[in-house]
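Proteins come first, then strands; the chains are lettered A, B, ... in the order of their sequence lines, and each starts at number 1.
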Number of protein chains: 2
Amino acid sequence: MRPECESKCRLLRTAMELIWESSYGAVSVDDICRKAEVKKGSFYHFFPSKADLTVAAMEADWKAKQPDLDAIFSPQLPPLKRLERYCQNVLECQRQTLATHGKILGCPMMTLGAELSTQEETIRAKAAEIVGRYVRYFESAIRDAQAEGIVASGDAREAAERVFSLFQGALLQAKILNELTPLEDLHKSLHRLLEVREETAVT
Amino acid sequence: MRPECESKCRLLRTAMELIWESSYGAVSVDDICRKAEVKKGSFYHFFPSKADLTVAAMEADWKAKQPDLDAIFSPQLPPLKRLERYCQNVLECQRQTLATHGKILGCPMMTLGAELSTQEETIRAKAAEIVGRYVRYFESAIRDAQAEGIVASGDAREAAERVFSLFQGALLQAKILNELTPLEDLHKSLHRLLEVREETAVT
DNA sequence: AAATTAGTTGACCGGTCGGTCAAGTCAAGG
DNA sequence: CCTTGACTTGACCGACCGGTCAACTAATTT
């Protein structure tokens with residue numbers, strides 16, 4: 001009675017992994033159960049539907065990533081350094097998926113959002129929620145940069161959303177082209193988008 | 001013997017329409033046939049598989065859009081005006097899908113690329129091809145702007161790819177949030193990304 | 001020790017999936 | 001006029017889809 005989530009956690013992790021590698025529609029409940037070594041009956045004991053499992057997996061995935069993001073966006077670091085480190089992180093992460101899968105997988109939130117936003121409202125809403133959390137990291141970094149006079153003033157929230165759009169777009173383009181190039185000069189693009197005063201930006 | 005494509009064309013149009021509204025995985029061959037009023041036997045007379053139909057539909061969709069794009073990006077227009085008109089076009093297009101479907105559908109190339117790039121190589125390749133064609137419009141506009149000294153010099157191709165990433169990202173974010181806001185200030189973001197000299201940019 | 005409960009198991013369901021096929025229609029070309 | 005070949009039709013296929021269920025196990029509570 002105390003397998004301490006065990007099966008449930010394995011289902012969450014496996015589901016996100018498989019969906020990331022292919023797509024929601026291409027992964028069946030049986031696939032997930034097989035790989036997670038959990039019987040289908042157990043699956044439906046924990047989750048009322050495939051869509052519900054997916055929403056839960058998105059949240060679990062975020063929780064797993066948050067510590068890394070907290071570290072990257074630590075307010076102890078100079079604000080532009082945070083953005084630079086995030087750029088490096090994105091590039092490195094995709095470099096790894098390219099190495100291990102031969103494919104650039106992009107971001108799971110992107111795959112799910114693009115595929116299901118028009119069909120599964122709960123999944124769309126969860127994706128939107130997580131997008132909002134990402135934007136918050138950018139927002140505070142930008143606000144700090146503005147306070148230091150390194151970045152043009154203006155609505156930090158809007159600027160953060162634009163920056164996030166650029167990331168999402170670059171990731172999607174990298175996935176479609178199956179090349180890392182769109183991710184390589186992200187840092188420079190970001191500086192232009194934020195109108196960074198380059199002379200003062202040498203941190 | 002000369003229904004002049006008729007059924008085939010209807011299949012191509014219907015397929016793209018349905019996939020755009022939901023996704024590749026969520027649309028069945030039967031769905032497409034039913035809506036196109038074509039029997040499944042005929043479907044497989046024209047196309048060897050669902051994936052092949054999709055690739056053909058992507059190409060047909062591009063061919064249908066090209067005249068509009070040619071007009072928007074006419075070299076007769078000032079280069080920045082072309083980009084501005086494209087921004088307006090994107091916003092207007094999504095405003096319409098929001099009005100008619102209650103959902104922002106984004107760009108079909110995005111939906112397909114994000115969903116299938118890791119699974120169906122032929123579809124990924126076609127998406128990449130079409131991305132390349134879009135980038136060409138931006139590239140020549142940017143090059144013309146550089147020649148006029150309105151835009152910072154540098155690799156026009158790379159700049160065009162960055163601009164296209166921004167568009168893709170904004171569209172994806174709009175789809176996930178189901179809001180038009182990410183598309184509304186695209187024009188300004190674009191100017192920052194290209195380092196437009198604002199004083200001379202008044203066309 | 002009895003009752004309760006969370007979790008497990010495997011058989012089962014109707015419907016739908018992508019795809020096949022043989023038989024037919026019908027207009028153009030020899 | 002008769003063959004040819006592009007196109008149509010509807011029945012059919014096995015596999016798999018998401019989801020259900022009753023019986024079972026074993027630790028926890030009372």
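- Side chain of H45(B), nearest nucleotide from dG19(C), dT8(D), dT8(C): dT8(D).
- Side-chain polar atoms of K175(A) and T111(A) form a donor-acceptor pair below 3.5 angstrom.
- Rounded to a whole Å, the CD atom of E37(A) is 13 Å from the P atom of dG10(C).
- Here the P atom of nucleotide dC17(C) and the NZ atom of K40(B) are 8 Å apart, to the nearest Å.
- At the heavy-atom level, F46(B) lies under 4.0 Å from the strands shown only through sugar-phosphate atoms.
- Candidate nucleotides dT8(C), dT8(D), dG18(C) were compared by shortest atom distance to the side chain of S42(A), and dT8(C) ranks first.
- The interatomic distance linking R34(A) (CZ) with dT9(C) (C1') rounds to 16 Å, in whole Å.
- In this structure, the nucleotide among dG19(C), dC17(D), dT9(D) sitting nearest to the side chain of D31(A) is dC17(D).
- Taking the six-membered ring wherever Trp is involved, the centroid distance between the rings of F138(B) and Y86(B) falls below 6.0 Å.
- Ranking dG19(C), dG10(C), dG18(D) by closeness to the K50(B) side chain, first place goes to dG19(C).
- A 6.0 Å sphere centred on CD of Q76(A) holds no more than 12 heavy atoms belonging to other residues, nucleotides or ligands.
- Residues Q146(A) and S153(A) have side chains that never bring a donor and an acceptor to within less than 3.5 angstrom of each other.
- Taking 4.0 angstrom as the limit, S7(A) places none of its side-chain polar atoms (N or O) nearer than this to OP1 or OP2 of dG7(C).
- Listed pair Y44(B) / dT20(C) fails the phosphate criterion, with no side-chain N or O lying under 4.0 Å from OP1 or OP2.
- Regarding F47(A), its CZ atom lies at a distance of 18 Å from the C1' atom of dT20(D), rounded to whole Å.
- When each of D30(A) and G41(A) is assigned the nucleotide of DNA chain D bearing its nearest heavy atom, the one mapping closer to the 5' terminus is D30(A).
- Atom-to-atom, CD1 of I32(A) to P of dC16(D) comes out at 16 Å; the value is rounded to the nearest Å.
- Between Y134(B) and F167(B), the ring center distance fails the sub-6.0 Å criterion.
- In this structure, Q119(A) atom CD and dG18(D) atom P are separated by 13 Å, rounded to whole Å.
- In this entry the distance linking NZ of K8(A) with P of dT8(C) reads 11 Å, nearest Å.
- With distances taken from any side-chain atom of K39(A) to the nucleotides dG10(C), dT8(C), dT9(D), the minimum falls on dG10(C).
- Residue contacts for S28(B): at a heavy-atom cut-off of 4.0 Å it reaches the sugar-phosphate backbone alone, with no base atom in range.
- Rounded to whole Å, the distance from CD1 on I19(B) to P on dG18(C) is 10 Å.
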